[in-house]
Number of protein chains: 2
Amino acid sequence: MNSQLDSYDLRLLAAVQQDARTPQNELGEAVNLSTAAVNRRLKRLGEEGVIERYTAVIAPDAVGYGLTIIATVEVESEQIDQLDATRRSFTVCPHVQQCYYTAGEWDFVLVFVVQHMEQYNELTRKLFFGNANVKRFKTLVAMSRDKVGSTLPIGEN
Amino acid sequence: MNSQLDSYDLRLLAAVQQDARTPQNELGEAVNLSTAAVNRRLKRLGEEGVIERYTAVIAPDAVGYGLTIIATVEVESEQIDQLDATRRSFTVCPHVQQCYYTAGEWDFVLVFVVQHMEQYNELTRKLFFGNANVKRFKTLVAMSRDKVGSTLPIGEN
DNA sequence: ACATAAACGCAATATTTTTGCGATCCACTC
DNA sequence: GAGTGGATCGCAAAAATATTGCGTTTATGT
């Protein structure tokens with residue numbers, strides 16, 4: 001992933017991050033480029049991996065996933081094999097929306113999306129109690145999702 | 001947000017969540033609907049708020065935000081005014097990518113995206129030390145972002 | 001069985017994206 | 001300081017995609 005981004009790129013990124021369906025001619029007006037130039041830049045940004053993907057954000061409630069839970073996990077061994085196996089068990093689980101490997105009091109932070117508590121309970125059995133490398137974990141239940149997403153502060157600072 | 005989603009809706013949601021740029025005729029083939037029907041369903045799902053928005057996911061590294069940090073926060077008072085003010089101070093900060101209000105050992109979980117430690121340091125001054133309602137907080141530094149995003153497990157279970 | 005509303009497919013239309021082409025702008029060489 | 005190569009541009013044509021009118025079908029409630 002090379003490439004230094006110029007001011008046009010950054011403004012385009014900020015815009016498509018906000019709304020990926022803004023037509024390229026509107027983007028062009030906004031940043032003062034032709035539609036074609038916008039198109040080519042977006043294509044390049046995609047190929048370079050600057051834009052990882054385009055996605056529709058779906059309301060969790062609407063599809064039955066009304067419960068968000070955050071778990072912190074400490075592992076027994078940070079030996080690479082064990083660690084990777086544990087990490088993988090987390091990332092492949094569809095209900096694990098996010099997984100961070102962290103330095104600090106805990107080794108992993110996980111964000112779960114589930115339909116109800118019982119479902120989370122089952123997941124803890126499988127992912128935590130069922131994994132000898134998980135030493136301990138702690139659960140935080142989200143009462144509100146005040147801000148979510150993957151938005152980056154482009155052009156903020 | 002009324003509406004119960006049928007099997008078509010769910011499959012469309014799963015698809016556009018995966019890749020929002022899949023043409024509607026391809027979606028139609030995949031789920032066995034005409035392009036027009038796909039179009040009308042997606043439009044309806046958008047209007048109903050089931051699809052919250054369309055967005056481009058940008059690689060943090062590519063725009064200089066190479067550091068992800070997770071912070072847990074305990075507040076002094078959960079009195080509604082104070083709580084809301086604190087919550088708001090978090091959510092309006094562009095570097096706070098995510099903010100959850102939680103039950104459990106901590107009251108808030110925040111995900112920060114920053115360029116370097118010093119930037120996080122400044123943010124703690126402003127958001128935590130500068131807020132009398134923040135009793136204590138803890139910082140976890142992400143060494144790797146193993147799974148990120150807002151993907152929901154549609155049709156997984 | 002029947003009326004009504006909702007959703008469908010087809011095909012025309014509108015919008016958006018993509019590309020060919022010549023022009024322009026730099027950075028570098030000679 | 002003119003010449004060359006590469007990158008990017010804008011314009012306009014072409015291709016792809018999204019949207020809509022319309023007649024038909026399907027589901028629902030009486």
Side-chain angles (χ1 to χ4, degrees), chain A residues 1-64 149-152 154-155, chain B residues 1-64 149-152 154-155:
Chain A
M1 187 188 303
N2 43 359
S3 97
Q4 51 234 2
L5 309 173
D6 65 14
S7 157
Y8 288 123
D9 291 327
L10 291 176
R11 281 187 290 166
L12 290 175
L13 290 172
V16 296
Q17 170 179 248
Q18 204 62 37
D19 179 3
R21 292 205 323 176
T22 310
Q24 295 172 356
N25 58 17
E26 281 185 35
L27 294 175
E29 283 177 30
V31 306
N32 219 30
L33 276 180
S34 72
T35 304
V38 170
N39 181 279
R40 284 185 281 248
R41 277 171 181 267
L42 289 177
K43 184 181 174 199
R44 176 171 55 76
L45 291 168
E47 289 168 349
E48 289 173 350
V50 175
I51 296 176
E52 292 181 350
R53 63 202 196 95
Y54 292 87
T55 178
V57 178
I58 296 166
D61 294 356
V63 289
S150 303
T151 305
L152 298 174
I154 297 175
Chain B
M1 189 188 302
N2 42 357
S3 94
Q4 48 229 5
L5 309 172
D6 65 15
S7 157
Y8 288 123
D9 291 326
L10 291 177
R11 280 188 290 166
L12 289 176
L13 290 172
V16 295
Q17 170 180 247
Q18 204 61 39
D19 179 3
R21 292 206 321 177
T22 310
Q24 295 174 353
N25 57 18
E26 281 184 35
L27 294 174
E29 284 177 28
V31 305
N32 219 30
L33 277 178
S34 71
T35 304
V38 170
N39 181 278
R40 284 185 281 247
R41 278 172 180 264
L42 288 177
K43 184 182 176 198
R44 176 172 54 76
L45 291 168
E47 288 168 350
E48 288 173 351
V50 175
I51 295 175
E52 292 180 349
R53 64 201 197 95
Y54 291 87
T55 178
V57 178
I58 296 165
D61 294 355
V63 289
S150 303
T151 306
L152 298 173
I154 298 176

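As the structure is a computational prediction, the values presented were derived from the model and not from experiment. Below, chain A is the first sequence line, B the second, and so on; all start at residue 1.
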note = In whole angstroms, the gap separating C1' of dT8(D) from CG of L5(A) amounts to 16 Å

note = Closest heavy-atom pair, I51(A) versus A56(B), reported as atoms and distance to 0.1 Å, is CG2-CB, 4.1 Å

Per-pair distances, 0.1 Å, donor-acceptor, side chain in residues 27-43 of chain A, under 3.5 Å, sequence neighbours excluded:
from, atom 1, to, atom 2, distance (Å)
S34(A), OG, A37(A), N, 3.1
N39(A), ND2, Q24(A), OE1, 2.9
R41(A), NH1, D6(A), OD1, 2.9
R41(A), NH1, D6(A), OD2, 3.1
R41(A), NH1, D9(A), OD1, 2.9
R41(A), NH2, D6(A), OD2, 3.0

task = Give the rounded distance in Å between these two atoms: CG of N32(A) and P of dC9(D).
result = 12 Å

inquiry  = Can you list everything that forms a side chain to side chain contact (heavy atoms under 4.5 Å, CB included) with A20(A)? Sequence neighbours excluded, please.
reply    = Y54(A), Y54(B)

request  = Take the C1' atoms of the five end pairs on each side of the helix from dA1(C)-dT30(D) to dC30(C)-dG1(D), get both axes, and report the angle to 10 degrees.
outcome  = 30°

Are there any protein N/O atoms within less than 3.5 Å of an N/O atom in nucleotides 16-23 of chain D, and if so, which ones and at what distance?
from, atom 1, to, atom 2, distance (Å)
dA18(D), OP2, Q24(B), N, 2.6
dT19(D), OP2, N39(B), ND2, 2.4
dT19(D), O5', N39(B), ND2, 3.4
dG21(D), O6, R40(B), NH1, 3.4

request  = Measure the CD1-CD1 distance between I154(A) and I58(B) for me, rounded to the nearest 0.5 Å.
outcome  = 3.5 Å

ask   = Is there side-chain contact between T22(B) and V16(B), with at least one heavy-atom pair below 4.5 Å?
value = no

task = For G49(B) and A59(A), work out which heavy atoms get closest and say how close.
result = O-CB, 3.5 Å

S150(B) to G149(A) - nearest heavy-atom pair and separation = OG-CA, 3.7 Å

note = CD (Q4(B)) and CG (L10(B)) are apart, to the nearest 0.5 Å, by 11.0 Å

remark   = Counted 5' to 3', the first and last nucleotides of DNA chain C within 4.0 Å (strictly under) of a heavy-atom of chain A are dT16(C) to dG20(C)

task = Starting at atom CD of Q4(A), determine the distance to atom C1' of dT8(D), rounded to an integer number of angstrom.
result = 15 Å

request  = Kindly state each residue pair satisfying side-chain hydrogen bond (donor to acceptor under 3.5 Å, both in side chains) with at least one member in residues 12-21 of chain A, sequence neighbours excluded.
outcome  = none

message = Run the side-chain hydrogen bond (donor to acceptor under 3.5 Å, both in side chains) test against T151(B) and tell me which residues pass, sequence neighbours left out.
response = R53(A)

